[in-house]
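Reading through the structure tokens given below for one structure.
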Amino acid sequence: MLIGLVGKPSVGKSTFFKAATLAEVEIASYPFTTIKANHGVGYVKVECIDKEFNTQCNPSHGFCIEHHRFVPVELMDVAGLVPGASEGKGLGNQFLDDLSRADAFIHVVDISGTTDEKGELLPEEEMRNPAEDVKFLEDELNKWFYNLLLKVWRTFSRKAEMEKAKFSEAVAKQFSGLKVKEEHVKNVLRNLNLSEKPSEWTETQLMKFAEGLRNESKPMIIAANKVDLPNGKENYEKLKKDFPELKIVACSADSELALREAARPKQGLSPASSTNSQSKANLIKYVPGEKDFEIVGKVNEKQKQALEKIKKNVLDVFVEGTGVQSVLNNTVFDLLKYIAIFPAGANKLGDSKGNILPDCFLLPAGSTALDFAFFLHTDFGKNFIKAINAKTKMVLGKDYKLKHRDALEIITR
Ligand SMILES: Nc1nc2c(ncn2[C@@H]2O[C@H](COP(=O)(O)OP(=O)(O)OP(=O)(O)O)[C@@H](O)[C@H]2O)c(=O)[nH]1
Ligand SMILES: [Mg+2]
């Protein structure tokens with residue numbers, strides 16, 4: 001699973017990325033700070049099941065703080081996108097290619113309205129309506145898909161008709177590089193009333209089809225960033241009214257970055273490499289996504305004021321704290337509909353080295369016990385006999401539909 005951060009220049013994509021991954025990336029107030037895409041690992045937050053077993057887990061990937069398990073997901077931060085990018089404006093097509101592999105997008109919007117469509121700071125008396133950014137970005141992404149479709153459509157549609165191949169299968173195959181799946185095509189066709197002969201579709205119809213495919217294969221959530229600035233809250237409330245169909249989360253990537261850096265373990269150890277990070281915390285104790293923190297280290301007056309400002313202007317104001325964690329969780333669990341599954345012995349939670357519940361995997365909702373066995377190892381799938389629910393000790397058949405936070409042992413021949 002790969003999540004891409006998109007948006008016009010200077011909205012805070014790299015700040016969001018750095019807050020989520022703690023990777024060293026460049027952040028600056030001028031447009032096109034990022035040129036080459038950044039790849040890194042962020043985390044979704046899951047209530048760890050170790051608490052139910054009265055124990056403390058030892059994750060082999062990610063980390064666990066106070067029974068909040070942080071499970072890795074791949075993130076990508078790209079160059080800013082300007083109107084006309086699909087025609088090559090700004091950094092144009094080259095970086096659109098970077099986005100092909102993404103399964104979902106986080107659209108970072110400057111909700112303070114202080115930057116123009118190119119990411120340049122506006123004069124103080126002017127304000128941009130963030131709704132414009134939501135519209136133009138969707139538009140560019142849709143046009144990007146449309147142009148890719150248009151390039152091959154004549155040949156492709158005729159060939160598909162002649163070979164009487166299953167149309168949705170053929171489209172998925174042709175655009176697999178964009179992560180288009182057969183299911184996506186079927187969903188789009190169901191919603192649009194298009195003729196049976198794709199070669200006869202009008203330009204408008206093909207555009208509608210492209211839009212649908214973009215929407216299905218790259219669903220999008222909005223991170224209404226810079227909500228800490230004046231007008232942030234007001235613009236955020238307005239944007240939600242303008243786009244009731246979109247998931248929009250109030251966000252202050254800058255605040256999250258400050259908190260995570262203040263909570264960062266000493267000696268530059270990232271939480272990922274420490275299972276008990278809060279005991280080594282530098283200045284504050286902060287669990288990402290929570291609405292509070294505790295000062296535990298020696299902070300100077302300036303740091304204290306900065307932290308108090310974050311508490312007063314962001315954490316106390318917005319239900320989802322700084323929003324960064326909420327955006328990631330929403331993307332994975334609501335938009336992409338994944339669930340978290342723990343492999344666990346029915347009688348033993350540790351692996352051969354004694355690590356308790358070392359793994360937690362993200363699987364698509366609807367996955368079965370057998371899917372999970374195959375996910376772990378082909379041999380587990382092939383030799384599947386049954387699964388055991390480690391929490392209830394109940395025996396589960398191959399068709400058992402997994403639930404979020406299930407813990408399973410797979411029994412094989
Ligand atoms: N007030 C405030 N400023 C922010 C926030 N997030 C980012 N910024 C600032 O916005 C500016 C741009 O941030 P970047 O993260 O470099 O933006 P970007 O979207 O990656 O920009 P490009 O790489 O140029 O496309 C920097 O000065 C950040 O410090 C936020 O939540 N609040
Ligand atoms: Mg950047």
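Along the sequence shown, residues carry numbers from 1. Just so you know, ligand 1 is whichever comes first in the structure, and atom 1 is the first atom listed for that ligand.
- Heavy atoms of Phe17 come nearer than 4.0 angstrom to ligand 1 in no pair at all.
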May I have the list of side-chain donor-acceptor pairs in residues 241-250 shorter than 3.5 Å, sequence neighbours left out?
none

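- Trp201 pairs with exactly one of Phe156, Phe209, Tyr146 by the ring-ring contact (aromatic ring centres under 6.0 Å, His included) rule, that one being Phe209.
- Between Ser10 and ligand 1 there is a heavy-atom distance shorter than 4.0 Å.
- Between Leu99 and Val78 there is a side-chain heavy-atom pair separated by less than 4.5 Å.
- The closest donor-acceptor contact from the side chain of Asp406 to the backbone of Lys403 lies under 3.5 Å.
- For the pairing with Ser199, the side-chain hydrogen bond (donor to acceptor under 3.5 Å, both in side chains) check across Arg158, Arg154, Glu161 returns one residue only, Glu161.
- The heavy atom nearest to atom 7 (C) of ligand 1, out of those in Thr15, Leu5, Val108, is found in Thr15.
- Taking only nitrogen or oxygen atoms, main chain and side chain alike, Pro31 does not reach within less than 3.5 Å of ligand 1.
- Residue Ser255 does not touch ligand 1, judged by heavy-atom distances below 4.0 Å.
- The shortest N/O to N/O separation between Pro9 and ligand 1 does not fall below 3.5 Å.
- Looking at ligand 1, you won't find any N or O of Cys251 less than 3.5 Å from one of its N or O atoms.
- Heavy atoms of Phe16 found under 4.0 angstrom from ligand 1: none, in either backbone or side chain.
- A salt bridge is absent between Lys218 and Asp103; no separation between the charged side-chain nitrogens and carboxylate oxygens falls under 4.0 Å.
- Checked by distance only, ligand 1 and Phe32 come closer than 3.5 Å through their nitrogen or oxygen atoms.
- Ionic pairing of Lys8 and Asp133 is present here: one or more N-O contacts between side-chain nitrogen and carboxylate oxygen are shorter than 4.0 angstrom.
- Taking the charged nitrogens against the carboxylate oxygens, Glu234 and Lys238 have no contact shorter than 4.0 Å, which rules out a salt bridge.
- Here Glu216 does not pair with Lys181 in a salt bridge; the nearest charged N to carboxylate O distance is not below 4.0 Å.
- Considering only non-hydrogen protein atoms, atom 30 (C) of ligand 1 sits nearest to Asp254 CB, 3.1 Å.
- A ring-centre distance under 6.0 Å is found for Phe63 and Tyr43.
- For Ser14, the nearest N, O or S atom to the Mg ion (ligand 2) falls under 2.8 Å.
- Proximity of Glu211 to Asn215: side-chain heavy atoms (C-beta onward) are nowhere separated by under 4.5 Å.
- On a distance-only criterion, Val78 and ligand 1 share no N/O pair closer than 3.5 Å.
- Among the atoms of Thr34, an N, O or S atom is found under 2.8 Å from the Mg ion (ligand 2).
- Any N or O atom pair closer than 3.5 Å counts here, and Glu26 shares no such pair with ligand 1.
- Using a 4.0 Å heavy-atom cutoff, Gly7 is absent from the residues neighbouring ligand 1.
- Contacts with ligand 1 closer than 4.0 Å are made by heavy atoms of both the backbone and the side chain of Ile27.
- Residue Asp228 touches ligand 1 through its side chain alone, judged by heavy-atom distances below 4.0 Å.
- With a heavy-atom cut-off of 4.0 Å, Asn225 touches ligand 1 through its side chain alone.
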